[in-house]
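A quick write-up on the structure given underneath.
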2 protein chains.
Amino acid sequence: MTATIAPGGDLDIAAAAGLFADPTRARVLMALSDGRALPASVLAAEAAVTPQAASTQLARLTGAGLLTVERSGRHRYYQLATGQVAVVLEALAQLAPMQPVRSLRHSTRATQLRSARTCYDHLAGRLGVQITQALIDAGALAAGDGITDTRRRPGDRLSSQLTEHPYTLGPHATQILVSLGVAADRLTDNDRSSQRPLLRFCLDWSEQQHHLAGRLGAHLLAAFIEAGWITRIQGQRAVRLTDTGRHGLHTRLGLDLLDT
Amino acid sequence: MTATIAPGGDLDIAAAAGLFADPTRARVLMALSDGRALPASVLAAEAAVTPQAASTQLARLTGAGLLTVERSGRHRYYQLATGQVAVVLEALAQLAPMQPVRSLRHSTRATQLRSARTCYDHLAGRLGVQITQALIDAGALAAGDGITDTRRRPGDRLSSQLTEHPYTLGPHATQILVSLGVAADRLTDNDRSSQRPLLRFCLDWSEQQHHLAGRLGAHLLAAFIEAGWITRIQGQRAVRLTDTGRHGLHTRLGLDLLDT
DNA sequence: GCGACACTTCCACGAACATGGAACCGATCG
DNA sequence: CGATCGGTTCCATGTTCGTGGAAGTGTCGC
């Protein structure tokens with residue numbers, strides 16, 4: 001099917017512009033404008049709308065050919081279909097700033113999500129990734145085969161638990177984890193009451209790095225909440241690190257968190 | 001008094017896009033996209049709407065700062081406030097879907113537009129693309145680094161295609177461009193009187209290739225018109241290449257243009 | 001001054017369309 | 001298997017917004 005380039009047609013500029021003319025769609029497109037592929041839930045948070053609203057607009061944008069979708073498990077990752085979309089965004093942005101510009105104060109909800117959130121029953125986001133890395137650095141976890149960081153590896157799927165990973169408990173696991181509030185008897189690899197593995201890892205969508213999951217991840221989050229290091233933000237998946245928590249992570253793990 | 005401070009930076013993009021998202025406004029802007037100043041009645045005819053409708057939309061566009069008005073007797077001449085508006089139109093045109101032909105007149109006019117038109121202050125359409133290519137072939141422009149396709153590569157920043165391009169002046173730039181009527185002292189890269197870059201390129205919506213824009217693009221169009229090589233088609237954006245122009249382009253650039 | 005003209009404003013009708021609640025599908029986890 | 005979660009679809013609501021008719025303001029020509 002050769003695209004019959006009808007040489008007399010008119011271009012429907014208005015229809016194309018209309019796709020950018022809604023706040024929700026504009027924010028979604030802006031969030032994608034660097035070329036990343038993001039799941040619908042993240043885009044909903046980024047645009048500060050309900051999942052239904054986001055889904056509706058994503059369907060519209062996809063139908064119009066501005067976005068492409070890729071399914072991965074129960075997630076759907078959206079991405080700009082062509083760089084031309086980003087060109088339009090940039091061109092429009094230069095026309096827009098007649099209003100007070102505040103490019104930094106992004107949707108706070110999205111920022112919070114990126115910063116720290118729960119993933120099922122364990123920590124994710126920048127905080128989750130950094131704690132995981134700190135556990136490795138401190139010897140509570142050990143990565144096999146010369147792997148020293150938590151970066152994404154080929155074949156890892158976003159936002160789903162990795163069935164195979166190179167990590168094991170490290171030489172100082174008991175000492176450190178107990179000091180963080182996890183009961184020592186929870187560190188056995190085979191808990192009789194559950195087949196759930198002690199160590200599991202997810203690939204974090206916002207950081208493109210691994211964060212700790214599995215039974216240990218759950219215990220750790222529970223311990224942090226128990227100790228008041230972390231509090232849930234009302235009605236959301238985002239969590240907040242308290243001052244106590246910041247101090248605790250610093251003394252116990254040598255972890256210095258830059259900001260929020 | 002307008003200053004309704006919209007609560008969101010990205011909202012401005014939606015608002016800006018909204019100005020292009022109406023058929024009437026889009027047609028009006030397209031009619032003005034070559035930088036001319038046209039009276040309201042002409043724009044109403046161009047958009048095929050009643051005078052009231054045109055007036056309403058013109059007021060909206062003017063209020064938003066996209067257009068400027070100048071009164072002259074009982075007429076009001078509208079004009080694009082800035083070339084950035086034309087940039088947005090060109091960018092949108094590339095992702096705009098084709099629209100079925102409405103009439104023979106429309107069809108012939110659309111064909112003329114594809115053939116040769118002005119884009120604010122420089123040449124576009126097939127003629128603009130071919131001249132740009134001829135300038136490269138003749139060594140007046142040089143394309144660097146061999147990356148000639150516009151396809152996206154993984155990890156590329158999508159948003160920087162307008163401002164960054166691989167072209168520079170070529171070894172025969174001065175000789176050729178002067179022979180085409182551009183003053184030699186206009187070829188310095190940094191004109192003190194203007195921050196506008198000498199070389200800029202647009203992706204042509206009708207040809208899917210680059211055409212020359214920027215200060216040089218403007219000088220070149222001015223020189224062609226001055227020399228009588230190109231004339232504007234009465235009341236439209238389309239331009240016509242005269243026989244003199246065809247001959248000039250052949251002898252100076254070795255450019256053989258097939259047809260109209 | 002009178003009429004014609006260019007253009008605008010007021011107003012009310014009508015059509016898109018974005019949104020949220022509820023229900024539904026499929027995948028993952030325990 | 002049951003629970004939950006990510007995501008979508010359906011539907012009813014409410015709002016925005018473009019438009020045309022009628023009327024108003026200023027300009028030009030006789």
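Below, all heavy atoms of this structure are taken into account, side chains as well, without hydrogens, waters or symmetry copies. From a predicted model like this one, the values you see are computed outputs, not experimental measurements. So you know, we letter chains A, B, ... as the sequences are listed, proteins then strands, and number each from 1.
Not a single donor-acceptor contact under 3.5 angstrom links the side-chain atoms of B:R74 to the base of C:dC7.
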Polar atom pairs (N or O), protein with nucleotides 18-20 of chain C, under 3.5 Å:
residue: C:dA18; atom: OP1; partner: A:R25; partner atom: NH1; Å: 3.4
residue: C:dA18; atom: OP1; partner: A:R25; partner atom: NH2; Å: 3.1
residue: C:dA18; atom: OP2; partner: A:R25; partner atom: NH1; Å: 3.3
residue: C:dT19; atom: OP1; partner: A:T24; partner atom: OG1; Å: 2.8
residue: C:dT19; atom: OP2; partner: A:Q57; partner atom: NE2; Å: 3.1
residue: C:dG20; atom: OP2; partner: A:T50; partner atom: OG1; Å: 3.0

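We find that CG of A:L38 is positioned 15 Å from P of D:dG6, with the value rounded to whole Å. Atom pair A:H75:NE2 and D:dC5:P shows a separation of 12 Å (rounding to whole Å applied). For B:R71 and D:dG26, the CZ to C1' distance is 7 Å, given to the nearest whole Å. Rounded to an integer number of Å, the gap from CZ of B:R76 to C1' of D:dC28 is 15 Å. As rounded to whole Å, 15 Å separates atom P of D:dT27 from atom OH of B:Y77. If you measure from atom CG of B:L58 to atom P of D:dG18, you get 13 Å, rounded to the nearest angstrom.
Of the possible donor and acceptor atoms, none in the side chain of A:S55 sits under 3.5 Å from a partner among the backbone N and O of A:P51. With A:T242 contributing its side chain and A:G245 its backbone, the two residues share a donor-acceptor pair below 3.5 Å. Side-chain atoms of A:R27 come within 3.5 Å of backbone N or O of A:A47 as a donor-acceptor pair. The backbone N or O of B:Y120 sits nowhere less than 3.5 Å from a side-chain atom of B:T118 that would complete a donor-acceptor pair.
Counting any heavy atom pair closer than 4.0 Å across all strands shown, B:S41 reaches sugar-phosphate atoms only and no base atom.
Side-chain contact, B:Q52 with B:T50: a donor N or O sits under 3.5 Å from an acceptor N or O.
A:I131 CD1 to A:H122 NE2: the interatomic distance, rounded to the nearest 0.5 Å, is 12.0 Å.
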